Each structure stands twice: as C-alpha cells, then as structure tokens.
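What follows is one structure encoded as structure tokens, with my remarks underneath.
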Amino acid sequence: MDETLEAEIAKRLKRDEAGLVAAIIQQHDTAEVLMLGWMDDEALRRTLTQGRVTFWSRSRQEYWRKGDTSGHIQIVKSVALDCDGDALLIGVAQTGAACHTGTRSCFDGGLIL
C-alpha cells in the first residue's frame with residue numbers, strides 16, 4: 001500500500017510556510033459549516049484513504065482523527081480543492097458536536113457583522 005499522498009493531488013496543493021492547508025469542514029447534506037482544521041499531506045492522505053477526517057494539530061504537533069476520543073466522528077462524503085489550491089472543502093456526515101467546545105459548529109458564536 002502506498003503511504004504517500006497521490007502525486008497529482010500533492011502537486012496541486014499550495015501549502016503555507018508550515019506545510020499546511022486549511023480544511024473547511026461542512027455537513028454534506030445541509031451545507032452547514034462546522035469547523036476549520038489544518039492538514040498536511042499525510043493528514044489529507046489519511047482522510048482520503050480511511051474515510052474519516054484527520055487533521056494536523058498545530059498546538060500539539062501531532063495527527064488527530066476527529067472523534068477518536070469524543071465519539072463525534074466525521075465520515076468523509078466529498079473532498080474538493082479550491083481554485084488556488086490553498087484550501088480544502090470537506091463534506092462530512094457529522095456525528096455529535098464538531099467543535100471542541102461541545103457545540104455543533106465552531107461558527108455558532110454569533111454574528112459580528
């Protein structure tokens with residue numbers, strides 16, 4: 001089994017100085033924006049091949065798969081790369097809360113404009 005991100009995908013990514021790409025997580029059937037996480041090539045490879053979303057934790061400097069400790073898993077339904085290659089839009093079937101605060105979405109803190 002190949003343990004690297006497919007070359008055709010990898011060459012399209014525009015990574016930041018830390019080698020990361022923003023990953024916007026969206027409920028696949030309602031388009032509700034749930035959260036934003038960060039992925040490097042390995043996190044994206046795991047997400048694409050395992051069917052569950054894996055992120056790179058910038059604070060802990062380690063991979064984490066959403067739901068492994070909380071049970072609030074994200075099953076991958078679609079993955080799209082934006083036109084610039086610097087952001088991913090990942091459609092998921094979310095179980096439970098997406099936010100680490102325990103809320104459904106990280107974006108339900110109220111509108112500021």
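Remember, it's a predicted structure, so these values are computed and weren't measured experimentally.
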Please determine whether side-chain contact (heavy atoms from CB on, under 4.5 Å) holds for the pair I75 and V92, giving the CA-CA distance in whole Å, both sets of side-chain angles, and the decisive distance to 0.1 Å. CA-CA 5 Å; I75 302 297; V92 302; 6.0 Å; no
Stepwise, does the salt bridge (Lys or Arg N to Asp or Glu O under 4.0 Å) test hold for E6 with R45? CA-CA 8 Å; E6 191 176 307; R45 184 196 68 78; over 6 Å; no
What do the steps show when you test T54 against M39 for side-chain contact (heavy atoms from CB on, under 4.5 Å), and what is the final call? CA-CA 8 Å; T54 298; M39 293 184 172; 5.8 Å; no
Would D68 and R52 count as a salt bridge (Lys or Arg N to Asp or Glu O under 4.0 Å) if you check the C-alpha gap in whole Å, the side-chain angles of each, and the deciding distance to 0.1 Å? CA-CA 10 Å; D68 278 353; R52 287 196 37 209; 3.0 Å; yes
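Contacts of T103 classified as side-chain contact (heavy atoms from CB on, under 4.5 Å), with partners at least two apart in sequence or in another chain: C99, T101, D108. For S57, the side-chain contact (heavy atoms from CB on, under 4.5 Å) test picks out S59, R60, W64, with sequence neighbours left out.
R15 and A10 make their closest contact through NH2-O, 2.8 Å (heavy atoms, listed as atom of the first residue, atom of the second, distance). Contact record, L20 with W38: CB-CE3, 4.0 Å, taken as the closest heavy-atom pair.
Here the side chains of K66 and I73 are not in contact, with every heavy-atom distance at 4.5 Å or above.
By the 6.0 Å and 45° rule, R46 stacks over the aromatic ring of Y63.
Identified under the ring pair (Phe, Tyr, Trp, His ring centres under 6.0 Å) test for residues 67-111, with sequence neighbours left out: none.
Side-chain polar atoms of Q94 and Q27 form no donor-acceptor pair below 3.5 angstrom.
A salt bridge links R104 with E32: the closest approach of a Lys/Arg side-chain nitrogen to an acidic carboxylate oxygen falls below 4.0 angstrom.
The side chain to side chain contact (heavy atoms under 4.5 Å, CB included) test with I90 is passed by exactly one of V79, I24, L48: V79.
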